[in-house]
Engineer: 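Handing you a structure now.
Treat the numbers as computed from the prediction; the structure is a model and nothing was measured. Count residues from 1 along the sequence. Computed over heavy atoms, backbone and side chain alike; hydrogens, waters and symmetry mates excluded.
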Amino acid sequence: MKPGSLSLSIAALIGLLFGPGILLAEDPSPAPTPSLEERVSDLEQRIQSIEHIPVVAFALKLRGSTEQNAATTPATTPQSDSPLELVGWDYRFKEGQQSYENRHVFNYVLKNVSEKPIKLIHGTLLFTDLLGEKIVAIKLNPDVAYPSGQTVSTGGEWDVSPLNPSERRMATMNHNDIKATLLIQGVAFDDNTTWTAGKQQ
């Protein structure tokens, strides 16, 4: 092969290797990748669109309420000096037409073991299984009067969080396998003195 022909052959081969079709396969020159800020902004817009769907918005509201109640639940330590003690409780599940309309229906009996009448309480009833796993926690009705040395029964309905499947266990578990723990954060007596958990009165 003549030197001139060899040069032409090499040039042709290089042209084939780096022609438009090969270049496209090797380096398709994709559209510029969005920046992190642009991707975060796009994700936030999508989430906001989802949150504005009525059913989703309602479910998120229920979840927020449940999480707020859970956040205020103190550790399950014994309260030997609490002015109230749990005497008994019962439960039933009230099913709504939609899942977000389901309700926990609780009745509970507390006894005032102090020497003063109580007119206001802040507290929680925490329900766990026998291994200590939380099932549900409910805030106690605050504005219930508890005469000194007497028991009072009260109750009501509490939302069932559709985003917390463990709460549905209350409807199916044997009540003997559920432990109820009374957690009192504070009380106000008729004479306007107060008791607060963990503080010397």
Side-chain angles (χ1 to χ4, degrees), residues 58-96 100-164 166-201:
F58 188 82
L60 290 173
K61 181 180 178 182
L62 288 181
R63 182 184 183 186
S65 174
T66 302
E67 289 178 346
Q68 183 178 9
N69 288 347
T72 59
T73 302
T76 58
T77 53
Q79 293 182 297
S80 58
D81 60 340
S82 172
L84 289 163
E85 66 179 24
L86 178 64
V87 175
W89 62 276
D90 63 68
Y91 168 84
R92 69 181 176 87
F93 180 80
K94 181 179 178 182
E95 189 165 6
Y100 58 82
E101 297 176 324
N102 293 339
R103 298 289 183 269
H104 296 300
V105 182
F106 283 99
N107 289 292
Y108 55 88
V109 182
L110 303 183
K111 181 178 181 180
N112 180 354
V113 295
S114 74
E115 298 178 354
K116 301 178 182 179
I118 294 172
K119 63 180 179 181
L120 173 66
I121 67 170
H122 286 170
T124 304
L125 261 179
L126 174 65
F127 296 89
T128 60
D129 62 22
L130 297 180
L131 295 177
E133 184 75 19
K134 176 183 172 182
I135 304 171
V136 66
I138 63 168
K139 286 190 68 174
L140 301 177
N141 296 323
D143 301 309
V144 178
Y146 293 89
S148 177
Q150 296 188 30
T151 59
V152 176
S153 175
T154 187
E157 297 183 1
W158 286 260
D159 293 332
V160 178
S161 172
L163 303 180
N164 187 3
S166 67
E167 290 194 14
R168 291 296 299 261
R169 296 176 68 197
M170 283 296 301
T172 58
M173 290 182 66
N174 185 323
H175 287 187
N176 292 329
D177 295 332
I178 298 174
K179 179 181 178 182
T181 304
L182 178 65
L183 302 165
I184 301 296
Q185 285 86 55
V187 306
F189 300 101
D190 267 7
D191 62 2
N192 290 333
T193 59
T194 61
W195 176 92
T196 305
K199 293 184 179 180
Q200 296 294 328
Q201 305 299 311

Engineer: Could you report the tightest heavy-atom contact between Ser82 and Ile184, atom names first, then the distance?
Structural biologist: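 Here Ser82 and Ile184 meet closest at OG-CG1, 3.6 Å.
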Engineer: Starting at CG of Leu183, measure out to CG of Leu125 and round the result to the nearest 0.5 Å.
Structural biologist: 8.0 Å
Engineer: Please list every donor-acceptor pair under 3.5 Å in which a side-chain atom of residues 83-94 meets a protein atom from a residue at least two apart or in another chain.
Structural biologist:
| unit_1 | atom_1 | unit_2 | atom_2 | d |
| --- | --- | --- | --- | --- |
| Asp90 | OD1 | Asn107 | ND2 | 3.4 |
| Tyr91 | OH | His104 | ND1 | 2.9 |
| Lys94 | NZ | Glu157 | OE2 | 2.9 |

Engineer: How about Lys111: does its NZ atom have over 12 heavy atoms from other parts shown lying under 6.0 Å from it?
Structural biologist: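 At most 12 heavy atoms, drawn from other residues, nucleotides or ligands, come within 6.0 Å of this atom.
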Engineer: Under a 4.5 Å cut-off applied to non-hydrogen side-chain atoms, are Val187 and Thr194 in contact?
Structural biologist: no
Engineer: Taking atom OG of Ser148 and atom CD of Glu115, what is their separation to the nearest 0.5 Å?
Structural biologist: 7.0 Å
Engineer: Are any of the side-chain heavy atoms of Ile118 and Trp195 separated by less than 4.5 Å?
Structural biologist: no
Engineer: Rounded to the nearest 0.5 Å, how far does CD of Glu167 lie from CZ of Phe127?
Structural biologist: 11.5 Å
Engineer: Is the shortest heavy-atom distance from the side chain of Asp159 to the side chain of Arg103 under 4.5 Å?
Structural biologist: yes
Engineer: Taking Leu110 as the fixed residue, which of Val144, Thr154, Val152, Ile121 is the one that meets the side-chain contact (heavy atoms from CB on, under 4.5 Å) rule?
Structural biologist: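 Considering Val144, Thr154, Val152, Ile121, a side-chain contact (heavy atoms from CB on, under 4.5 Å) with Leu110 is found only for Ile121.
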Engineer: In Å and rounded to the nearest 0.5 Å, what is the CG to CG distance from Leu120 to Asp143?
Structural biologist: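 One gets 6.0 Å once the value is rounded to the nearest 0.5 Å.
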Engineer: Using modelled atom types only, decide if a donor and an acceptor are shared between the side chain of Thr196 and the backbone of Gly186 within a distance under 3.5 Å.
Structural biologist: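 The answer is no, because no donor-acceptor pair under 3.5 Å joins these two groups.
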Engineer: Hey, does the side chain of Thr124 reach the backbone of Leu126 with a donor-acceptor pair shorter than 3.5 angstrom?
Structural biologist: no
Engineer: If I take atom CZ from residue Arg169 and atom CD1 from residue Ile135, how far apart are they, to the nearest 0.5 angstrom?
Structural biologist: 5.0 Å
Engineer: Using only atom types and a distance under 3.5 Å, with no angle test, would you say the side chain of Asp177 pairs donor to acceptor with the backbone of Asp129?
Structural biologist: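 No.
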Engineer: Can you tell me how far CG of Leu182 sits from OH of Tyr108, rounded to the nearest 0.5 angstrom?
Structural biologist: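 So the gap between those two atoms works out to 9.0 Å.
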